[in-house]
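What follows is a short report on a single structure.
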Amino acid sequence: MEHQLLRTCLKSLNDNNNTLSLQALASLRSLIINPNTSDSTIYSILETLTRSLKLGTNSLTTHHHILKLLTDLASHRTHLSSQILNSIHSSSLLFTESIQIATESLTSLASIANSDHNKIDDHLFMSLCFAATSTSARLRLLRNGERLGIGMHVLFTVFLGFTKDPYPYVRKASLDGLLGLCKSGNVFEDVSVIEGCYFRAVELLQDNEHSVRSAAIRVVSEWGPMLIAAKEENDKIDWSNQVFVQLCSMVRDMSVEVRVEAFNALGKIKLVSEDILLQTISKKVLAIMKEKNSHGQCAAERFEILASSYAGAFVHGLEDEFHEVRKSACNSLRIHTILYAEFARQSLSLLMDMLNDDSMAVRLEALETLHHMATFECLHVQEIHMHMFLGSLLDNCDLIRSIARKIFKLVKLSDLKLFRSSVHGLLQNLERFTKDEADVFSVLFFMGRSHGNFAAHVVKEVSQEIEPVLEGKLVLDSARVAAFLVLAISAPLSQNQNGQNIPPRLFSYAVTLLGRISSALREVVDQDTLLAYLSQCSRSSNHGTEVEESSLLPVVDDAVLTHSRKDVNSPVGVPMLQTGNGTSKVQPVISCELEDLATSIVECQADELDEVMKSVNLILARVRDAWLLVQSRCTNVAVRALRDCKRELAMLTSASLESAGILAFMLQYLQVMKLFAKIWEHVVWKIRSDETGGLEYLFGKLDVRLRELRYRYIGFSKEEGLYVLELIVVACMLRLSKVEICCSPTTMKKLSAVISHIEILNDKGTIEPSNILMDAKKTVHEIESSKAGISCSLFQITNLVDFFTLKQFSLCSRVRHINAELDVPGNDSENPLPFVSGLPVAIPLDITLYNVGSENRLWLTIRMSQESTQFVFLDLNILGGCNEVKKFTFMAPFYRTPKARSFSSWISIGMECVLEDCHLVKHCGGPKRELVHLCQEKEVHLCLVRRD
């Protein structure tokens, strides 16, 4: 079929005097984009297009289509890129009298390869730019200048010159080009050049087209700091103020886009005088500003105009009718509130007003700004602010409540009344949203530790609520009582707790809620250390300040401690202090400093981690012994040994995320080695006679496990990372050595990519790669340079596999596990979610992420079958950033509701493998690369809403 199409195109070429018809070009494109088209046909197409390109009889439209086909051919057949580039270079199209054709040719060159391969003569580029009469031609030239390898100074001259073009889109493209020069790290040593660009952008702040004004703001915000850095030290503050004032003049622009850009740019100016900042939050010109005759480089009369232009700039932004502008103003304000205490104090009222904003995004941004202030100890909350501040704890949005609680963890409250109001607000949060219990307990613990005297006073006030109410029994199901107990046990850890002792019986009560409390405080202390601390405090006396405790009250004795895996008298427990009379009676931890307890907790967790690491490394040594059995053809014995290792691993428990990550990694590693053993029996020893499909299934499982090993675990040392990559290399060579299922192009591409990554790692250090990696690298280079491909090197690959030996591997780093938990609250087959056929349905999800960073790209996968899968991107920046443990609720939209009375879908969370360029996938609106799933699929039940 493809040969018939090619013959038809060639016939069209001959019938039309060596000119390809549009129909013939369309036929050629169908052959180009078809991955199954043979190489001989592709070479014939390239020859045909190249010959037709050199002819002068083609019309402008035909030239456009031929260049487009060559671009498509280069993208689908990358090994032909250099040949296509040479064809376009040698076609003389760049020097034709038709500016349109020359521009099309330059655009094709820019889209095929990078600037290293596209170096165009600078004079040719300038002549084309200034000779182009078509707006589209000038736009293409300006947008592709950097990709064509044009010199920096030539590009600067062209971009600056075209900022005066009569067409706004050309002016915007020129400004974008100047912005790109600045962001690409180019250094301009001549101050006059920087000033010329800056002041031209300032002029364009008054352009009639809003897109040009937006681009001009971006240029001012980037070239302005460059200009400030180029000035003398004494002049920097004056120039910084001038740039800031120029940007402030744009915050009242008629365009929403311009106002958003203006506030985004204000946040990039790091150094501003305090008086100017204070003026931006006051619409009335301040007295201190009226006394000034001039400001830096500005003349007195010009400064009068500028002073009125930036007066109340932030106020106007926070009061803007569009939420995008208000959000941007909050974000910009965040940068400057930590510079001056007075500015932070006066900005606080404006930010508190934003907590009542109609837009959830604005409320989130305002709270993030307050959290930023609290982090830098610039947040000083007054009583007048508490009502709006506490209202955020009762917001229906989980993210808003979460950020508000983070602020309470950090904020310093000045008096008991504010502290009491804060505790009351947190209790209201707990009563209305019971799922926030763990987070509320954690906040109360931090607040009690920071305000020891206030916490002790509140606990004393509510002591009657905590006492047993019926026959000495404590109301254990009361979240309010549990919250007060958390506050009570945190107070002794405060450095400013002056003699306000907590009754020992409260620590005994807290022991009965150990599970709930330790779960909430797992980021601070593990359960064993917390139990030791509570038991020690519950057995202490109060030095006569309290009446002797009743014998009916529960007191923790030594028997309780038998449930702990650690002895409280061991070095990893809470430190035991001697009393003044030299007896062995334990002093209460109340007298310990905060640093002492923190050190004890860290030491306890470190010792537990060391124990886990020691056990894991012993298992790793046994894994290597098992591999020796595999190489001795005792595969069944080796698999049994690996199963024993797995059982031993299951006996290890963890109380911290670090140790849990190590155990998860070890379990995954054992599964990988078990698959290697089974595949080795197939491929190397050829003992089993199963069908090829069974071996392909094992290879598929191994690929998935190795991909998870590579991407779901972070914190590897360089040696450990290289070991994981070595396993991937061995897996690729095993697959290549099996002729029946080698899938050589894909596997070779993957093998080459992994070896390239290993070379990059080795270039950064002195680690000597193993022999198998060195030999694999050499073999891959030989295969890539050989025309015969992989078939000629099959014997060499087989020999490499035969001589592979598993080296001794031990864990030295604290590996962390990227994991996720997913739940659909209240949903099962008896309680399905309602939906309307043909309309989208929102699926509520409770999501918990562990060790997910901002660089990770997460996707929700919602499938009804293997062929029908919908992807939803999880933007962590919108969802509140990244923490070691992050919990949030997400409403997942599902658009493909079928025409059925009920149906089920399966939801999971996947992470995109950013380094898997050889496994690009095509999903409409979905991930571009393969996913590794972070949790098990969750089934969701849905039922059609009946219409009466």
Side-chain angles (χ1 to χ4, degrees), residues 612-613 615-652 654 660-713 716 720-738 741 747 750 754 770 772 800-811 815 817 819 932-934 936:
V612 172
M613 292 282 282
S615 301
V616 164
N617 284 325
L618 289 174
I619 295 175
L620 285 170
R622 292 171 57 187
V623 171
R624 184 175 182 275
D625 294 338
W627 185 253
L628 295 176
L629 293 172
V630 173
Q631 292 185 310
S632 301
R633 300 198 178 194
C634 301
T635 307
N636 292 334
V637 180
V639 170
R640 284 198 297 269
L642 292 174
R643 287 173 183 158
D644 292 337
C645 291
K646 187 175 179 181
R647 294 191 193 98
E648 185 176 336
L649 185 69
M651 297 174 64
L652 298 177
S654 62
I662 293 172
L663 296 179
F665 168 81
M666 191 59 205
L667 178 60
Q668 191 91 345
Y669 178 71
L670 289 175
Q671 293 171 343
V672 165
M673 296 312 301
K674 185 178 177 181
L675 288 169
F676 265 122
K678 293 181 178 180
I679 293 174
W680 201 270
E681 190 174 28
H682 275 284
V683 177
V684 179
W685 302 133
K686 300 179 175 59
I687 295 176
R688 295 183 178 269
S689 58
D690 295 359
E691 295 180 352
T692 302
L695 183 56
E696 179 61 22
Y697 172 74
L698 291 176
F699 271 120
K701 286 186 66 175
L702 181 61
D703 287 343
V704 172
R705 297 298 186 192
L706 287 173
R707 194 179 299 126
E708 291 177 347
L709 209 61
R710 183 180 183 185
Y711 291 99
R712 289 192 62 186
Y713 299 92
F716 288 125
E720 293 161 356
L722 282 174
Y723 182 78
V724 173
L725 293 176
E726 180 177 327
L727 293 179
I728 297 175
V729 169
V730 174
C732 290
M733 290 193 299
L734 280 169
R735 184 183 282 271
L736 289 171
S737 65
K738 192 66 175 176
I741 59 169
T747 308
K750 178 179 180 180
V754 174
S770 63
I772 188 71
L800 284 179
V801 171
D802 290 343
F803 288 105
F804 168 69
T805 301
L806 188 71
K807 64 182 181 181
Q808 180 60 51
F809 172 60
S810 60
L811 275 177
V815 180
H817 186 201
N819 198 19
V932 290
H933 289 276
L934 305 184
Q936 295 291 330

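One is the number of the first residue; the rest follow in order along the sequence. Keep in mind the model is a prediction, meaning the values are calculated, not measured.
Residues passing the ring-ring contact (aromatic ring centres under 6.0 Å, His included) test with Tyr723 are Phe809, sequence neighbours excluded. Under the salt bridge (Lys or Arg N to Asp or Glu O under 4.0 Å) criterion, Arg710 pairs with Glu916, sequence neighbours left out.
Closest heavy-atom contact between Leu934 and Asn819: O-OD1, 2.7 Å. Here the shortest heavy-atom pairing between Leu706 and Ala731 reads CD1-CB, 3.6 Å. The heavy-atom pair separating Ala641 from Ala626 by the smallest distance is CB-CB, 4.2 Å. Closest heavy-atom contact between Tyr669 and Leu709: N-CD1, 4.2 Å.
Under the 4.5 Å side-chain criterion, counting only non-hydrogen atoms from C-beta, Val630 is not in contact with Phe676. Counting heavy atoms from C-beta on, the side chains of Lys750 and Asp703 come closer than 4.5 Å. Using a 4.5 Å heavy-atom threshold, the side chains of Val623 and Met666 count as touching. Side-chain atoms of Phe716 and Phe665, non-hydrogen and from C-beta on, do get closer than 4.5 Å to each other. Ile728 is listed as a side-chain neighbour of Leu725, based on a closest heavy-atom distance under 4.5 Å.
Salt-bridge formation is not detected for the pair Arg622/Asp644: no Lys NZ or Arg NE/NH1/NH2 atom is positioned less than 4.0 Å from an Asp or Glu carboxylate oxygen. Taking 4.0 Å as the cut-off between side-chain N and carboxylate O, Glu708 and Arg705 count as a salt-bridged pair.
In this structure, the separation between CG on Leu670 and CZ on Arg647 is 12.0 Å, given to the nearest 0.5 Å. Atom CG of residue Leu649 and atom CD1 of residue Ile662 lie 11.0 Å apart, to the nearest 0.5 angstrom. The distance from the CG atom of Leu642 to the CE atom of Met673 is 7.0 Å, given to the nearest 0.5 Å. For the atom pair Leu663 CG and Gln668 CD, the distance stands at 13.0 Å (nearest 0.5 Å). Going from atom OG1 of Thr635 over to atom NZ of Lys674 covers 13.0 Å, rounded to the nearest 0.5 Å. A distance of 6.5 Å separates CD1 of Ile619 from OG of Ser615, quoted to the nearest 0.5 Å.
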